[in-house]
Amino acid sequence: MAAEKVRVRFAPSPTGPLHMGGVRTALYNYLFAKQQGGDFILRIEDTDQTRFVPGAEQYIIDSLKWCGIVPDEGQGFGGNYGPYRQSERKEMYRQYAMQLIENGHAYYAFDSAEDLDRVRQMAKDAGSPNWQYNHVTRNSMKNSLTLSSAEVQKRIDAGEPYVIRIKLNRNEEVKFEDIVRGWVSVNTNNMDDKVLFKSDGMPTYHLANIVDDHLMEISHVIRGEEWLPSAPLHVLLYRYLGWEDSMPQFAHLPLLLKPDGNGKLSKRDGDRLGFPVFPLEWHNPESGEVFSGYRENGYFAPAFVNMLAFLGWNPGTEQEIFSLSELVEAFSLKKVNKAGARYDHDKTRWFNQQYLRLLDDETLAELFTSYASEQGQEISVEKALAIASLMKERAYFIKDLWEESQFFFGGVEEYDEKTLRKKWNEEARTHVAKLRSIFSNIEDFTSANTEAAFKSYLSENELGFGKVGPGFRLALTGKGMGPSLFDICAILGKEASLKRLDQALEKLP
RNA sequence: GGCCCCUUCGUCUAUCGGUUAGGACGCCAGGUUUUCAUCCUGGAAAGAGGAGUUCGAUUCUCCUAGGGGCUGCCA
């Protein structure tokens with residue numbers, strides 16, 4: 001067991017888009033696998049055929065790829081342990097359920113869904129909210145423990161639907177050691193005889209995940225905390241199937257909590273609070289509803305991944321910016337926190353800003369150019385580079401570069417009302433007019449030259465920058481704030497700059 | 001309700017019994033800047049409560065409270 005190869009799996013069910021909590025689970029699996037020189041496997045858990053959502057599986061694959069968390073093996077990625085879709089493994093599960101029946105650890109149950117509803121309701125009416133199919137109640141239900149074997153056989157032969165349930169011993173302490181939580185212990189008296197095999201011929205998650213993890217030689221099960229309560233059941237299944245010696249190690253991850261109020265982050269929270277909860281935009285094929293995605297909102301995948309990595313884990317140093325390969329190196333399941341982590345959108349934005357700054361000007365200019373192009377604006381490489389480097393420090397997203405630099409394109413259409421009211425007057429008009437004529441004489445219209453001319457105008461007239469700057473900016477860009485006026489002049493060029501000053505002198509009061 | 005898990009600044013977190021309890025986001029103030037942003041400096045801000053163990057508990061144990069998860073022929 002010590003020398004066995006690390007093999008971990010991410011096993012989502014394709015019932016909708018993968019949300020960021022799922023992505024983080026995948027990420028931790030990936031980081032652990034890569035660090036240990038192991039394999040990361042994608043398995044699709046589609047044993048509930050009633051909840052199948054078209055497109056969800058592809059969405060999961062696309063999301064992982066976008067994040068750079070690419071499986072070594074699994075659905076869509078090949079491998080020697082396939083198929084990797086549980087629905088395609090359907091025939092493999094029955095024999096294990098039968099094995100459990102034969103060795104006395106499972107039994108047939110013929111109670112219909114309606115029967116169970118009725119019993120649960122009766123229990124509830126009697127003041128007990130939690131009826132369980134367990135070691136005491138099973139004695140009054142229709143199953144192979146209460147029915148004669150002839151009767152059981154008769155029902156099966158007649159094609160009567162049945163499920164197979166695990167048979168738990170009473171008052172047995174089930175313990176296992178979780179990598180993040182330490183020893184966890186549950187008594188079987190508090191567990192129920194879970195269905196392992198459904199009447200539609202499909203296994204439930206519980207059976208399928210044990211069989212597949214065993215057959216796929218999974219070494220570590222890293223999953224969300226919502227699975228903690230059923231982990232003891234899984235331990236028992238390994239035991240009853242005779243696989244306890246090669247049972248994977250468990251690591252149950254803390255949940256991602258919503259930023260406000262209580263509870264875990266859910267798909268509705270994002271659009272309610274103004275941030276995406278999904279990596280990629282998702283169009284619900286049935287309702288037509290659209291859920292926003294990080295990618296479409298302009299987040300860099302590495303920033304998104306970096307942020308997720310820190311929700312529930314940290315390296316113990318003060319470094320916060322980590323590339324995926326640095327995360328692989330630094331990651332440790334032992335340093336994963338136990339308590340749920342509340343999502344903080346401001347921090348996510350900050351991560352994105354950090355990644356934007358890490359980009360060199362050329363790359364930034366390229367991204368800016370293609371963004372502008374999508375908006376219908378073609379920009380020369382030279383101009384894109386100038387604008388990108390000028391605006392870089394004030395941007396969180398590529399789209400900020402575009403939105404904050406609108407005044408570079410297509411002239412000034414309107415003037416900021418507040419600045420106009422406060423800063424534009426007869427005096428400002430005079431200064432702009434004079435500067436216009438001074439600027440018209442500058443041969444080489446560089447930032448340094450316009451600045452020198454502007455400053456000497458100020459000193460000659462004993463003026464402060466504040467007297468002239470705001471009005472000049474308003475005339476040049478229509479705005480009350482922004483980057484260096486002279487850099488703007490240089491990017492606009494002499495002709496366009498003068499034209500704007502003329503326009504302002506003409507249009508403004 | 002039952003069971004399981006959890007509990008350090010508003011948020012993410014560091015601390016492997018002895019620290020002025022550190023960092024980051026956010027917030028506030030000051031400085032730089034024509035302005036805004038950036039940047040720099042500073043500030044406010046935390047061990048849920050109660051017992052116990054110990055020379056000494058944020059750290060170990062227990063109780064209480066609070067939070068979360070699970071409680072389906074869903075995963």
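Scope of the values below: all heavy atoms of this structure, side chains included, with no hydrogens, waters or symmetry mates.
In terms of phosphate contacts, A:T47 brings a side-chain nitrogen or oxygen within less than 4.0 Å of OP1 or OP2 of B:A75. Side-chain nitrogen and oxygen atoms of A:N130 include none within less than 4.0 Å of the OP1 or OP2 phosphate oxygen of B:C3. OP1 or OP2 of B:A14 sits under 4.0 Å from a side-chain N or O of A:N314.
Aromatic ring centroids of A:F291 and A:F278 lie under 6.0 Å apart.
Salt bridge present: A:R272 and A:D260 bring a charged side-chain N and a carboxylate O closer than 4.0 Å.
Residues forming a side-chain hydrogen bond (donor to acceptor under 3.5 Å, both in side chains) with A:E326 (at least two apart in sequence, or on another chain): A:S323. Partners of A:Y371 under the side-chain hydrogen bond (donor to acceptor under 3.5 Å, both in side chains) rule, at least two apart in sequence or in another chain, do not exist in this structure. For A:R421, the side-chain hydrogen bond (donor to acceptor under 3.5 Å, both in side chains) criterion is met by A:E417, not counting sequence neighbours. The side-chain contact (heavy atoms from CB on, under 4.5 Å) test applied to A:D200 returns A:Q49, A:K198, A:M202, not counting sequence neighbours. Under the side-chain hydrogen bond (donor to acceptor under 3.5 Å, both in side chains) criterion, A:K392 pairs with A:D361, not counting sequence neighbours. Partners of A:K194 by salt bridge (charged side-chain N to carboxylate O under 4.0 Å, His left out), not counting sequence neighbours, listed by chain and number: A:D192.
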Distance-only criterion, 3.5 Å: show the donor-acceptor pairs between side-chain atoms of residues 224-232 of chain A and protein atoms not counting sequence neighbours.
from   : atom 1 : to     : atom 2 : distance (Å)
A:S230 : OG     : A:W227 : O      : 3.2

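Of the candidate nucleotides B:C74, B:U7, B:C39, B:C74 has the atom lying nearest to any side-chain atom of A:R51. Comparing B:C5, B:C70, B:U38 by their closest approach to the side chain of A:E226 singles out B:C70. Of the candidates B:A75, B:C5, B:U7, the closest approach to any side-chain atom of A:Y205 belongs to B:A75. Out of B:G23, B:A24, B:A14, the shortest distance to the side chain of A:E318 is found at B:G23.
Within residues 342-356 of chain A, the residues that have a heavy atom under 4.0 Å from RNA chain B are, in order of number, A:R342, A:D344, A:D346, A:K347, A:W350.
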For nucleotides 32-34 of chain B, which of its nitrogen or oxygen atoms have a protein nitrogen or oxygen under 3.5 Å away, and what is each distance?
from  : atom 1 : to     : atom 2 : distance (Å)
B:U34 : N3     : A:R473 : NH2    : 3.0
B:U34 : O4     : A:R473 : NH2    : 3.0
B:U34 : O4     : A:L485 : N      : 3.1

Atom pairs, N/O to N/O, protein against nucleotides 41-44 of chain B, distance under 3.5 Å?
none

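Judged by a 6.0 Å distance limit and a 45° cone about the ring axis, A:R155 is not positioned over the six-membered ring of A:Y162.
The P atoms of B:A75 and B:C63 are separated by 35 Å, rounded to the nearest whole Å. Nucleotides B:A14 and B:A51 are separated by 28 Å at their C1' atoms, to the nearest Å. A distance of about 12 Å separates the P atoms of B:A46 and B:A21, rounded to the whole Å. Taking atom C1' on both nucleotides, B:G17 is separated from B:U54 by 9 Å, rounded to a whole Å. B:U32 and B:G49: their C1' atoms are spaced 48 Å apart (whole Å).
Nucleotide B:A29 forms a pair with B:U41, judged by Watson-Crick or G-U wobble geometry with both contacts under 3.5 Å.
Between A:D192 and A:T50, the residue whose closest nucleotide on RNA chain B is further toward the 5' end is A:D192. In this structure, A:K198 and A:W183 both approach RNA chain B, and ranking their closest nucleotides by distance from the 5' end singles out A:W183.
Counting only residues at least two apart or on different chains, the salt bridge (Lys or Arg N to Asp or Glu O under 4.0 Å) pairs with a member in residues 334-347 of chain A are A:E320-A:K347. Applying the salt bridge (Lys or Arg N to Asp or Glu O under 4.0 Å) test to every pair with at least one member in residues 306-319 of chain A, sequence neighbours left out, gives no pairs at all.
Counting to the nearest Å, the C1' atom of B:C74 and the CZ atom of A:F52 are 16 Å from each other. As a whole-Å value, the separation of A:Y93 OH from B:A75 C1' is 13 Å. B:G68 atom P lies 20 Å from atom CH2 of A:W227, rounded to whole Å. Rounded to whole angstrom, the span from the CG atom of A:L311 across to the P atom of B:C12 amounts to 8 Å. Regarding A:W313, its CH2 atom lies at a distance of 12 Å from the P atom of B:U13, rounded to whole Å. Atom NE2 of A:H252 is separated from atom P of B:G69 by 16 Å (rounded to the nearest Å).
To the nearest 0.5 Å, atom CE of residue A:M391 and atom CD of residue A:E403 are 10.5 Å apart.
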